[in-house]
There are 2 protein chains.
Amino acid sequence: MSKKERLIFLPLGGAGEIGMNAYVYGWGAPGKERLILVDLGVTFPDMDTTPGVNLIMPDISWLADNADRLEAIFITHAHEDHVGAIGRLYSRLKVPVYARPFTAWHAKRKMEEAGQNPDAVQVVSPYPEVVEAGPFTVSFLPLSHSIPESSGLVIDTPVGRLIHTGDFKLDETPVLGDVFDESLWREIAREGVHALICDSTNVFTDKPGRTEASIGPELVELVKGARHMVVATTFASNVARLEQLARAGVAAGRQVCLLGRAMQRMVLAAGECGLLSDFPKTIPVEDARDVARADLMLIVTGSQGERRAASAQLSRGKYNGLELAEGDMFLFSSKTIPGNERGVARIMNAYSEMGVDVIAENDRYHVSGHANRPDLLRVHEILNPDMVIPMHGEHRHLREHAKLARDHGRAAMVVVNGAVCDMTGKVPHVVEHVEAERVYLDGSVLIGALDGVVRDRIRLALNGHVMINLILEGNEPLGEPWVEIMGLPETGASRAPLVEVLEEDLGQFLGRAGRKTLADDAKLEEELRNQARRTAQEEIGRKPEVTVIISRLE
Amino acid sequence: MSKKERLIFLPLGGAGEIGMNAYVYGWGAPGKERLILVDLGVTFPDMDTTPGVNLIMPDISWLADNADRLEAIFITHAHEDHVGAIGRLYSRLKVPVYARPFTAWHAKRKMEEAGQNPDAVQVVSPYPEVVEAGPFTVSFLPLSHSIPESSGLVIDTPVGRLIHTGDFKLDETPVLGDVFDESLWREIAREGVHALICDSTNVFTDKPGRTEASIGPELVELVKGARHMVVATTFASNVARLEQLARAGVAAGRQVCLLGRAMQRMVLAAGECGLLSDFPKTIPVEDARDVARADLMLIVTGSQGERRAASAQLSRGKYNGLELAEGDMFLFSSKTIPGNERGVARIMNAYSEMGVDVIAENDRYHVSGHANRPDLLRVHEILNPDMVIPMHGEHRHLREHAKLARDHGRAAMVVVNGAVCDMTGKVPHVVEHVEAERVYLDGSVLIGALDGVVRDRIRLALNGHVMINLILEGNEPLGEPWVEIMGLPETGASRAPLVEVLEEDLGQFLGRAGRKTLADDAKLEEELRNQARRTAQEEIGRKPEVTVIISRLE
């Protein structure tokens, strides 16, 4: 391996998925690079692959093993998939964390909640202010996105400037927060951009993105046209949207109330960071109960159908003393994230049963926070980088984005989680791979994705559970084996209780079993398990999970 | 209750969901109506709500209890959500089943597979041929849909004509199968339509539906432009699409091979029913292996990401000796049904990793099989019914469809599963409710949705399982309790094995437990469970499911 210094890029999360972003940059001799980390996010579990899991985080073992080489952590914005793991994983990294005020507000709280020192998070101002971090000089580039103070990073390295976009769109009228400022981008790119590491989320969307401001008049018209109560939901962190929704309510002569913890926390943060100068007055929920329904507008959490959020609670009945009724309007000012369709439909149908008019999946009342395909091309052109490294996407998004760049004559490479990309020269290439799996927060414990714990839970869910309890005295069974079942039908083909059929068959097996089997716990366990599975297959047509407990009396 | 005769409509499935269609019509004195059943379908389980379940069917207990009043069953088309339960549930109904040839082909096989007599299925010709069924005269009205020989039903009753659409679209050039024939519809409606019971699937889609024929040229262009192997997937039952895909392959000079059992079965059925006169020649998979990749086109099952279908198998590597490679093209000539997004994305990303170009969610290569909102209005106008009863939809679809009808001056009513709707007069009204839950095929056993079996499996998946085994002699514990765990982390807060911490805490509890507790199985079990849950909460931050097995030696 060469001793020459090199520039590396290593995603530990976010490259091959939309979620748990964590990107490492390094500069130095191979294996001795000084490192920085950009973002440390979570992703959310689902019943199909991760039942019972609370949160999914990148496995940062490689980075923790090299923590002595890590200079700093930079957080681009306060979405959970960028900041969500900072508290839980910080103790393994222990370097300064840099973020702009609104993002820092959230990062500090994550640290506090995890028992870490929030003062490790340092508040910085945007470009041209810089942070020196070993061989890197880093500056926060204000961007528009669906949360306040989202930032790209301008990372100056010994071989040139990198632009790491974070999540962004091109919005010159974003209502609240940072405006897309093309002249600033051109200024930053003037002396050349070595590499653009770029958001890929919307690469398959062919039309240019729309501005947040475009939906304001639509929202006003919609709310003005409503006769009864109006309830709207959006992502809690989309403070610009909250402001537009609240303005629409006020424009329609309504009192506006924000409902749901996540939303109140976001508005609190935005207020403390001085971002809410134009935010309309809202009323507390206690007062909302006394407002005539036709004069009230609620803005609530739960645009993705989350079971505990306000939208879901309201779809099941009274929540905080408020209740929807026939003729009310419920607006999803949001897009359903793939995978959440069933949960969202459940709420929509519950409202439908109440006689509530639901408005959903309507482009008039929602715009995306990510740059679309033509916007990505525009950014490539403005920054004119030597190479494009797509990030923030499933593999198909990354591949398409790289193709788009190459089709326009730029070097590009798909770099997936765990791949170490050498981008010292003009053309990127992957030089090695490190372990970059996932860890699960499972209750209060961190477990590896490959530990088998969750796999066992999935098996229990698919197959049910048979428990066999056998007591032996010497090598003689003491009575029949005792069987319990969970998650299995009580009766099967023979119409007798499944438990009794199992006990009968297992008892007969024991009657036939030789001394050698009875004396050998492992063998006995295996044969009892096999017999139970055979019997279950005959009786109920499935082979359950089987736990055998053998007790030997002395 | 009036003794006057009445016309009733009672959905047992399909009204409040997209799936497991089963609609009852009746005529007669209240409680003595003679009945017919239209369709008897299944719906598919998911991990969120029905892990481990094989199929979901309507609970037809009410109908089975009144089977002596049932005259006949009519199957509108061969989609699983219309015909899938006929075999499994037939033994409780035992009346003639009527269907057109292609549908009957499938219904007969369902009967055979369930050990029922396939001759109970009688093949009928379409309108004007009629079937007399008690007070009803029923005729099959040819429609276009995404499967051959889909039919509406013209049901003549003592109070007038009903049109039950089944699933349909308005397609005058459907490539294969029945053309939408407006003049026939007008003829049927000439003497008045009492009620239109109508497909609601696409009521939220504002544009008129597009014809199947419109995508043929697009497919040809796409396949002609491909340089390497082409693989396309669609719904196996969409024989018109299979024909168009195969034609595109042939037009591009390729050999075409159908891959996947469901697809071969559909084509076999279509062939035996004489529907394939224009279907291009295909080659068996054994021959496909010898064809140069650039000269081959595969048409495969698995458009919804089903794990065992050909598309998923190919995304994991070799399947039937065939394999995709860099530069190949994979076309989803289909739409992802809500809820299947994750499975489809998994396949798309696997192909992306192989370097295969995936084309998906593109209207150029797919049209829906259901009537859109303007098409529904057009049908309302052509048939001019006294009332519209929406079916085949979630609640929000039914409600929107009823609203659409009412907005245009027609009586309409949302009638959900289990609601008995009296539609004798000009205005429908719900007069009673019967039990209309779901039953699950679970392995080989039918269980009720409310039996708790599946609920227990979900709990196991979310919470994991602790098993406690305790042996007592008299009222004295014989040694420590023995604990096994499944689906739980091996260690928690104290860093000691969870099993040992549980055994320790449970042992201490037993040391403290009074004679009264030790003598009382129920009490002892409850307290052991509570202690185990407390310990687990402290150690791993979750409360698992707990099974306690107490053995008492005499």
Side-chain angles (χ1 to χ4, degrees), chain A residues 16 46-48 51-52 204 338-339 341-342 345 348-353 355 358 361 394-396 398-400 442-445 447 451 453-454 456-465 467 469 471 478 482 484 486-493 536-537 539-542 545 547 549 551 553, chain B residues 16 46-48 51-52 204 338-339 341-342 345 348-353 355 358 361 394-396 398-400 442-445 447 451 453-454 456-465 467 469 471 478 482 484 486-493 536-537 539-542 545 547 549 551 553:
Chain A
D46 61 59
M47 187 73 182
D48 287 82
F204 287 109
E341 289 80 3
R342 285 206 179 98
M348 288 166 61
N349 285 313
Y351 283 132
S352 180
E353 287 177 34
V358 175
E361 296 294 329
E394 298 169 12
H395 195 283
R396 61 196 170 110
L398 305 182
R399 181 165 180 271
E400 183 73 12
D442 195 65
S444 54
V445 183
I447 58 176
D451 288 2
V453 172
V454 172
D456 279 353
R457 289 212 293 265
I458 292 172
R459 285 185 179 163
L460 288 170
L462 292 175
N463 306 328
H465 202 180
M467 293 147 277
N469 186 32
I471 305 176
L478 207 66
W482 179 267
E484 299 261 349
M486 186 162 178
L488 291 170
E490 291 196 357
T491 56
Q537 179 64 37
E539 281 292 304
I540 59 169
R542 69 165 66 237
E545 301 303 304
T547 298
I549 304 179
S551 310
L553 303 182
Chain B
D46 60 60
M47 187 71 183
D48 286 83
F204 288 109
E341 287 81 2
R342 284 206 181 100
M348 288 166 60
N349 285 314
Y351 282 133
S352 179
E353 287 178 34
V358 174
E361 297 294 330
E394 298 170 14
H395 195 282
R396 61 198 170 110
L398 305 182
R399 181 165 180 270
E400 184 72 13
D442 195 67
S444 55
V445 183
I447 57 176
D451 287 4
V453 172
V454 172
D456 279 353
R457 289 212 292 266
I458 292 172
R459 286 184 178 163
L460 288 170
L462 292 176
N463 306 328
H465 202 178
M467 293 147 277
N469 186 34
I471 306 176
L478 208 65
W482 178 266
E484 299 260 349
M486 187 164 177
L488 292 170
E490 291 197 357
T491 55
Q537 178 66 39
E539 281 292 303
I540 58 167
R542 70 165 65 237
E545 301 304 304
T547 299
I549 304 178
S551 309
L553 302 183

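Residue numbers begin at 1 in each chain, while the letters A, B, ... track the order of the sequences. In this text, all values refer to a predicted model and were calculated from it rather than measured experimentally.
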Name the region of B/Asn469, side chain, backbone, both or neither, that has any atom closer than 4.5 Å to a heavy atom of chain A.
-> side chain
Nearest-0.5 Å distance, CZ of residue A/Arg396 to CE of residue B/Met348 | 3.5 Å
Examine distances only and state if a side-chain atom of B/Arg342 and a backbone atom of A/Asp46 form a donor-acceptor pair shorter than 3.5 Å.
-> no
Looking only at heavy atoms, which two atoms of B/Pro489 and A/Val445 are closest? And how far apart?
-> CB-CG1, 4.0 Å
With a 4.5 Å heavy-atom cut-off, do B/Met467 and A/His465 have their side chains touching?
-> yes
Determine whether B/Ile458 and A/Met47 make a side-chain contact, defined as any pair of heavy atoms from C-beta on separated by less than 4.5 Å.
-> yes
State the CD1-CD distance between B/Ile447 and A/Glu490, to the nearest 0.5 angstrom.
-> 10.5 Å
Any side-chain heavy atom of A/Asp48 sitting closer than 4.5 Å to one from B/Asp48?
-> yes
Considering all heavy atoms, the nearest B/Pro338-A/Glu341 contact | CB-CB, 4.2 Å
Which pair of heavy atoms, one from B/Asn349 and one from A/His395, lies closest together, and at what distance?
-> OD1-N, 3.2 Å
Going through the checks in order, is the side chain to side chain contact (heavy atoms under 4.5 Å, CB included) test met by B/Leu553 and A/Leu553?
-> CA-CA 10 Å; B/Leu553 302 183; A/Leu553 303 182; 3.3 Å; yes
Are side-chain heavy atoms of A/Met486 and B/Leu460 found at a separation under 4.5 Å?
-> yes
Could you look at B/Leu478 and say if it's the side chain, the backbone, both or neither that has a heavy atom under 4.5 Å from chain A?
-> side chain
Do you know which two heavy atoms are closest between A/Ile471 and B/Ser551, and how far apart they sit?
-> CD1-CB, 3.4 Å
Sort out for me which of B/Gly464, B/Ala461, B/Gly339 touches chain A most, counting heavy-atom pairs under 4.5 Å.
-> B/Ala461
In terms of heavy-atom pairs under 4.5 Å with chain B, the winner among A/Arg459, A/Glu484, A/Glu400 is A/Glu484
Looking at A/Ser352, A/Gly541, A/Gly52, A/Ala350, which has the largest count of heavy-atom pairs under 4.5 Å with chain B?
-> A/Ser352
To the nearest 0.5 Å, atom CG of A/Leu462 lies from atom CZ of B/Arg457 at 8.0 Å
Chain B contact via A/Glu394 - side chain, backbone, both or neither, heavy atoms under 4.5 Å = both
Can you say whether B/Glu361 sits under 4.5 Å from chain A via the side chain, the backbone, both, or neither, judging by heavy atoms?
-> neither
Using non-hydrogen atoms only, which part of B/Ile540 is less than 4.5 Å away from chain A: side chain, backbone, both, or neither?
-> both
Any idea which of A/Ser444, A/Gly16, A/Gly355, A/Ala345 has the most non-hydrogen atom pairs under 4.5 angstrom with chain B?
-> A/Ser444
Most chain A-contacting option - heavy-atom pairs closer than 4.5 Å, from B/Ile549, B/Leu398, B/Val454 = B/Ile549
